[in-house]
Amino acid sequence: MQILEHNNQKVTVDKGELVGYEVNGHEYIHQKGSPGWRNADTEMFPIIGPTAEARFQVQTPKDIAIQDQHGLLREMEYELTFESATELKYGKTYTAGTQVGNSKYPNKSDKQFLYWPYAFQFEKKIRLLADALEITFTISGERDTPFMLGYHPAFKLHGENVSIKTGERTIALDEVLAVGSRALEVPNCNSVVLQDTSGLSITTEGFKGFMLWTEVRNMVCIEPITFYPYAVPQHLLHEGFDYILNIPKRFTVKLRPEPQVA
């Protein structure tokens, strides 16, 4: 367990998972064991979305890959590569074609192992700024490696009238609940505000939008994504790929508390 503290902020990280972001005594991150989801955050890579209807097969330029929901990265363990008073870096390295055990097998999937035809290096950096928390993802690999990336943090809710404000509209928690497991898309957007008893601004770089998900009233997932997977049938998921070119791909998420009250 690693802890970062700066000014009135405290961050707690467990094996690369952000399990706490507390500011002036207000906890923003969903706590494990509370109703809603068994995690606090995770990454969706190299694909986003379910694959069961496509027999867990995803087409790539090289070959068919076997992927379960949200990809195989979450099945790999992070290695802590750097630590300071205000910054942590974690990494995962994958060798092309390596079989990775699927935690959903056998109860929720008939695929015991997952694999991807491309090697990659994935870095997650967690850094405390003077008044915000910054999370940066850096993806390296051979040129033309296909991928999708989604960041999947869960936020603890405190108030009765919670909403998510975008540049164009305000989305009530009831709207997110009504969509269910599919997740509500917020396209072409790089900034939202979670309006609760204490507000939280979420701004991104590199992502193309968000999707919102919850099935309970005590938490909500606000997920930056490069592609909304329900835009296509599962067997066409490859239409949502981005590609690594000549330099690593970098994506940033910044969480900044705001004095907004629901």
(request) Check whether F147 and Y243 end up in the same hydrophobic cluster, where Ile, Leu, Val, Met, Phe, Trp and Tyr are linked by side-chain heavy atoms less than 4.5 Å apart. (result) yes

(message) Tell me the closest heavy-atom pair linking G49 and H70, and the distance in Å.
(response) N-ND1, 2.9 Å

(request) Side-chain contact test, heavy atoms from C-beta onward, threshold under 4.5 Å: evaluate it for T203 versus S201 and give yes or no. (result) yes

(request) Spell out, yes or no, whether F82 and L18 are grouped together once hydrophobic residues are joined by side-chain heavy atoms under 4.5 Å, including indirect joins. (result) no

(message) Hydrophobic clusters here meaning ILVMFWY residues chained together by side-chain heavy-atom distances under 4.5 Å, can you tell me if L114 and I64 are in one?
(response) no

(request) Nearest 0.5 Å please: distance from the CG atom of L255 over to the CD1 atom of I222. (result) 9.5 Å

(message) Is it the case that atom CD1 in I247 sees more than 12 heavy atoms from other parts of the structure closer than 6.0 Å?
(response) no

(message) According to side-chain contact (heavy atoms from CB on, under 4.5 Å), who are the partners of I3, at least two apart in sequence or on a separate chain?
(response) E5, K10, T12

(request) Grab the two heavy atoms, one from E43 and one from D41, that are nearest each other, plus how far apart they are. (result) OE2-OD2, 4.0 Å

(message) Looking at every non-hydrogen atom in both residues, tell me the closest pair between P257 and V23 and how far apart they are.
(response) CG-CG2, 3.8 Å

(request) For the pair E22 (side chain) and Q9 (backbone), establish whether a donor and an acceptor sit closer than 3.5 Å, ignoring hydrogens and angles. (result) no

(request) Check the surroundings of atom CD in Q121: do more than 12 heavy atoms from other residues, nucleotides or ligands lie under 6.0 Å from it? (result) yes

(message) To the nearest 0.5 Å, what is the distance between NZ on K208 and CE on M148?
(response) 10.0 Å

(request) Decide if the gap between the ring center of F251 and the ring center of F137 is smaller than 6.0 angstrom. (result) no

(request) Please collect all salt bridge (charged side-chain N to carboxylate O under 4.0 Å, His left out) contacts where either partner lies in residues 92-105, sequence neighbours excluded, each pair once. (result) none

(request) Show your reasoning for whether side chain to side chain donor-acceptor pair (under 3.5 Å) applies to N102 and S109. (result) CA-CA 8 Å; N102 183 10; S109 173; 3.3 Å; yes

(request) For residues Y230 and P50, report the shortest heavy-atom separation together with the two atoms involved. (result) OH-CD, 3.5 Å

(message) Looking at A52, is its backbone amide N or carbonyl O close enough to the side chain of Q234 to form a donor-acceptor pair, meaning the two atoms are under 3.5 Å apart?
(response) yes

(request) For the pair R217 and D174, find out whether any cationic side-chain nitrogen is under 4.0 Å from an anionic carboxylate oxygen. (result) yes

(message) Per the ring pair (Phe, Tyr, Trp, His ring centres under 6.0 Å) rule, what does the pair list look like for residues 179-203, sequence neighbours excluded?
(response) none

(request) Taking the side chain as every heavy atom from C-beta outward, state whether Y118 and P146 have any atom pair closer than 4.5 Å. (result) yes

(message) Would you compute the distance between atom OG of S84 and atom CZ of R127 and round it to the nearest 0.5 angstrom?
(response) 9.5 Å

(request) Can you sort out the partners of E123 under salt bridge (Lys or Arg N to Asp or Glu O under 4.0 Å), two or more places apart, ordered by chain and number? (result) none

(request) Check whether any side-chain heavy atom of I171 sits under 4.5 Å from a side-chain heavy atom of S163, and report yes or no. (result) no

(request) With sequence neighbours excluded, give me every salt bridge (charged side-chain N to carboxylate O under 4.0 Å, His left out) pair touching residues 218-230. (result) none

(request) Kindly indicate whether the side chain of V193, heavy atoms from C-beta on, has any atom under 4.5 Å from the side chain of I202. (result) no

(message) With a 4.0 Å cut-off on N to O distance, would you call D110 and R55 a salt bridge?
(response) no

(request) If a pair satisfies ring pair (Phe, Tyr, Trp, His ring centres under 6.0 Å) and one of its residues is in residues 6-25, list it, with sequence neighbours excluded. (result) Y21-Y28

(request) Output all residues satisfying side-chain contact (heavy atoms from CB on, under 4.5 Å) with F120, sequence neighbours left out; order by chain, then residue number. (result) F45, L72, L73, M76, Y94, W116, F122

(request) Please check if the side chain of T166 supplies one atom and the backbone of R169 the other of a donor-acceptor pair under 3.5 Å. (result) yes

(request) Any chance you could measure K156, atom NZ, to S198, atom OG, to the nearest 0.5 Å? (result) 12.5 Å

(request) Mark yes or no for whether K89, through its side chain, and K124, through its backbone, hold a donor-acceptor pair below 3.5 Å. (result) no

(message) If the condition is salt bridge (Lys or Arg N to Asp or Glu O under 4.0 Å), which residues does R256 pass it with, not counting sequence neighbours?
(response) D131

(message) Taking NZ in K15 as the centre, count heavy atoms belonging to other residues, nucleotides or ligands within less than 6.0 Å. Is the count above 12?
(response) no

(message) Run the side-chain contact (heavy atoms from CB on, under 4.5 Å) test against S34 and tell me which residues pass, sequence neighbours left out.
(response) H30, Q31, N218

(request) State, to 0.1 Å, how close V220 and T214 come at their nearest heavy-atom pair, and which atoms those are. (result) CA-CB, 3.9 Å

(request) Step by step, work out the side chain to side chain contact (heavy atoms under 4.5 Å, CB included) result for K165 and V192. (result) CA-CA 6 Å; K165 184 178 181 181; V192 300; over 6 Å; no

(request) State, with a plain yes or no, whether a side-chain heavy atom of K254 is found less than 4.5 Å away from one of T204. (result) no

(request) Tell me who clusters with V216, hydrophobic residues only, linked when side chains sit under 4.5 Å apart either directly or through other members. (result) W37, W213, M219

(message) Test of understanding: with side-chain contact (heavy atoms from CB on, under 4.5 Å), list the residues that count as partners of T136, not counting sequence neighbours.
(response) K125, E134, T138, R250, T252

(message) Is there a side-chain contact between H152 and C221 in this structure, where contact means two heavy atoms from C-beta onward sitting under 4.5 Å apart?
(response) yes

(message) Test side chain to side chain contact (heavy atoms under 4.5 Å, CB included) on L245 and D144; report intermediate values, then the result.
(response) CA-CA 6 Å; L245 299 177; D144 296 328; 4.3 Å; yes

(request) Considering non-hydrogen atoms only, spot the tightest contact between A96 and P117 and give its length. (result) CB-O, 3.5 Å

(message) Can a donor-acceptor pair be found, under 3.5 Å and without considering hydrogens, that links the side chain of D196 to the backbone of G159?
(response) yes

(request) Report yes or no: does N7 contribute a side-chain atom to a donor-acceptor pair with the main-chain N or O of A130 at less than 3.5 Å? (result) yes

(message) For the CZ atom on R38, are there more than 12 heavy atoms of other groups (residues, nucleotides or ligands in this structure) within a distance under 6.0 Å?
(response) no

(request) Answer yes or no: are there more than 12 heavy-atom neighbours, outside K62 itself, under 6.0 Å from its atom NZ? (result) yes

(request) Please round to the nearest 0.5 Å and tell me the distance separating atom OG1 of T197 and atom CD of E160. (result) 10.5 Å

(request) Find out if a path of hydrophobic residues (ILVMFWY) with successive side-chain heavy-atom gaps under 4.5 Å connects V19 to Y90. (result) no

(request) With sequence neighbours excluded, give me every salt bridge (charged side-chain N to carboxylate O under 4.0 Å, His left out) pair touching residues 68-88. (result) none

(message) Can you confirm whether V58 sits close enough to T51 that some side-chain heavy atom of one is under 4.5 Å from a side-chain heavy atom of the other?
(response) yes

(message) Please determine whether residues L80 and Y78 belong to a single hydrophobic cluster, defined as Ile, Leu, Val, Met, Phe, Trp and Tyr linked transitively by side-chain heavy-atom distances below 4.5 Å.
(response) yes

(request) Indicate yes or no: at least one non-hydrogen side-chain atom of L200 is less than 4.5 angstrom from one of F155. (result) yes

(message) To the nearest 0.5 Å, what is the distance between CD on E17 and CG on N39?
(response) 5.0 Å

(request) Return yes if some donor-acceptor pair links the side-chain N/O of T226 with the main-chain N/O of L149 below 3.5 Å, else return no. (result) yes

